[in-house]
There are 2 protein chains.
Amino acid sequence: MTLAHHVPPLDAPDLDAALERLREKGLRVSASRRLVLEALYADRRPRTAEQLANGTDVASVYRNLDTLEELGLVRHVHLGHGPGLYSIDEYEFVSCDGCGAYEAIEPQRLDEARAAILQALGYHARFTHFPIVGLCEYCHAHS
Amino acid sequence: MTLAHHVPPLDAPDLDAALERLREKGLRVSASRRLVLEALYADRRPRTAEQLANGTDVASVYRNLDTLEELGLVRHVHLGHGPGLYSIDEYEFVSCDGCGAYEAIEPQRLDEARAAILQALGYHARFTHFPIVGLCEYCHAHS
DNA sequence: ATACTTGCAAATGATTTGCCAGTGT
DNA sequence: ACACTGGCAAATCATTTGCAAGTAT
């Protein structure tokens, strides 16, 4: 019922910076930890824990993603009713309720909207954990 | 991975209108169906299927909520990682990533934000299925 | 009478936990 | 060495499904 806690912005520019971050915290750079990070840095598209495990143990992957998320190296988003998607990027998301398509959005494109929300509600909004859900132009026109 | 399909706006003003809607569609007004609707109309706060079942079989409640949602009589929202919350109301939601608090918002209060989103992304946004997530004033000031 | 519905048990999907053996530092 | 990790099995939580028996219309 409660949301994930507020995490600082992601700011490890590359794999090495991320690994260094782990060491700083006294955490270990284990084989599977490195594999998860390598996969995420290699292809920045958000992916499920299952996909990241790629045949190996999913439980460890979930544990690692949790740790990495606490360190602010990884983030996850829920784009619908399926499994959560993990990524190293600072994107925000929109998804269409009609056709199911989703897009990653550069945060600055939402600054006007964020300002309007701040004005209306006093909240500093971020669409990183849940997307903005709506109808895309096509689905809006045809529904 | 796909989102719930677009549903028409909720517009059954009261319990009787809702029951009538069921009959119109050739569906039956069964005891447990009536119980779910009575509970939802009696207290408009969003509730879990478990709470609505209130000791009786949850599977039936889920089945009924599905049907009612297809008819546009009920809607559900995901406010965090817990179970979905069902309600008969047309509210939109904001929730704070810091303290976990959430609020139901009158749709018109978000019209400016909606306009900004339409302008920026071409999407007609609705915050009924996922809330706007952000930091409330207090958490923003203290984080 | 005949669909539609329920209740209960069992299945499924996503994620978490316990535990002990393995391994980075 | 020692604490941190991984693998695997089992547990948990939310939700769905199968099926025989019950009931609105």
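As the structure is a computational prediction, the values presented were derived from the model and not from experiment. First the proteins, then the strands, lettered A, B, ... as listed; each starts at 1.
Legend: residues meeting salt bridge (Lys or Arg N to Asp or Glu O under 4.0 Å) with A/E112, ordered by chain and number and at least two apart, are absent. For the salt bridge (Lys or Arg N to Asp or Glu O under 4.0 Å) test, residues two or more places apart in sequence or in another chain that qualify with A/R44 are A/D89. Residues that satisfy the salt bridge (Lys or Arg N to Asp or Glu O under 4.0 Å) test with B/D111, not counting sequence neighbours, are B/R114. Every residue two or more places apart in sequence or in another chain that forms a ring pair (Phe, Tyr, Trp, His ring centres under 6.0 Å) with B/H140 is listed here: A/H124. With sequence neighbours excluded, no residue forms a salt bridge (Lys or Arg N to Asp or Glu O under 4.0 Å) with A/E103. Applying the ring pair (Phe, Tyr, Trp, His ring centres under 6.0 Å) rule to B/Y41 yields no partners; only residues at least two apart in sequence or on another chain are considered.
Looking at B/R126, its side chain never comes within 3.5 Å of a backbone N or O of A/D97 through a donor-acceptor pair.
Distance CD (B/Q51) to P (D/dC13): 15 Å, rounded to an integer number of Å. With rounding to whole Å, A/H81 atom NE2 is found 10 Å from D/dT15 atom C1'. For the pair B/D66 CG and D/dA14 P, the computed distance is 17 Å after rounding to whole Å. As a whole-Å value, the separation of A/L19 CG from D/dT5 P is 13 Å. Protein atom OH of A/Y62 is 13 Å distant from nucleotide atom C1' of D/dC13, rounded to whole Å. The separation between B/L22 atom CG and D/dT25 atom C1' is 14 Å, rounded to whole Å.
Here the CG-OG distance, from B/L135 to B/S95, works out to 10.0 Å after rounding to the nearest 0.5 Å.
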Check nucleotides 17-21 of chain D for protein N or O atoms closer than 3.5 Å to its own N or O atoms and list the pairs.
{"from": "D/dG18", "atom 1": "O6", "to": "B/R63", "atom 2": "NH1", "distance (Å)": "3.2"}

| task | Quick one: the dot-bracket string of DNA chain D, using Watson-Crick and G-U wobble pairs with both distances under 3.5 Å, [ ] for crossing pairs and | for bases paired to another strand. | result | ||||||||||.|||.||||||||||
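Electrostatic pairing of B/E90 and B/R75 counts as a salt bridge here, judged by a charged N lying under 4.0 Å from a carboxylate O.
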Determine all donor-acceptor pairs shorter than 3.5 Å in which one atom belongs to a side chain in residues 16-28 of chain B; sequence neighbours excluded.
{"from": "B/R21", "atom 1": "NH2", "to": "B/D11", "atom 2": "OD1", "distance (Å)": "3.3"}

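Aromatic rings from B/H78 and B/H129 are positioned such that their centres are separated by under 6.0 Å.
Residues B/L35 and B/L37 do not share a hydrophobic cluster, defined by chaining ILVMFWY side chains whose heavy atoms lie under 4.5 Å apart. A continuous path of ILVMFWY side-chain contacts below 4.5 Å connects B/L71 to B/L15, so both sit in one hydrophobic cluster.
Taking every heavy atom of residues 26-37 of chain B and every atom of DNA chain D, pairs under 4.0 Å involve B/R28, B/V29, by number. Annotation: proximity of residues 38-45 of chain A to DNA chain C (heavy atom, distance under 4.0 Å) is found for no residue.
Note that the first and last nucleotides of DNA chain C, 5' to 3', having any atom under 4.0 angstrom from a heavy atom of chain A are C/dA14 to C/dT25.
With no hydrogens or angles considered, a side-chain donor-acceptor pair links A/D57 and A/S60 at under 3.5 Å.
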| field | Candidate pair B/L52 and B/Y86, rule side-chain contact (heavy atoms from CB on, under 4.5 Å), full reasoning | value | CA-CA 9 Å; B/L52 290 166; B/Y86 295 80; 4.3 Å; yes
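When each of B/R23 and B/Y86 is assigned the nucleotide of DNA chain D bearing its nearest heavy atom, the one mapping closer to the 5' terminus is B/Y86.
Open room surrounds CD on A/E50; 12 or fewer heavy atoms of other groups in view lie less than 6.0 Å from it.
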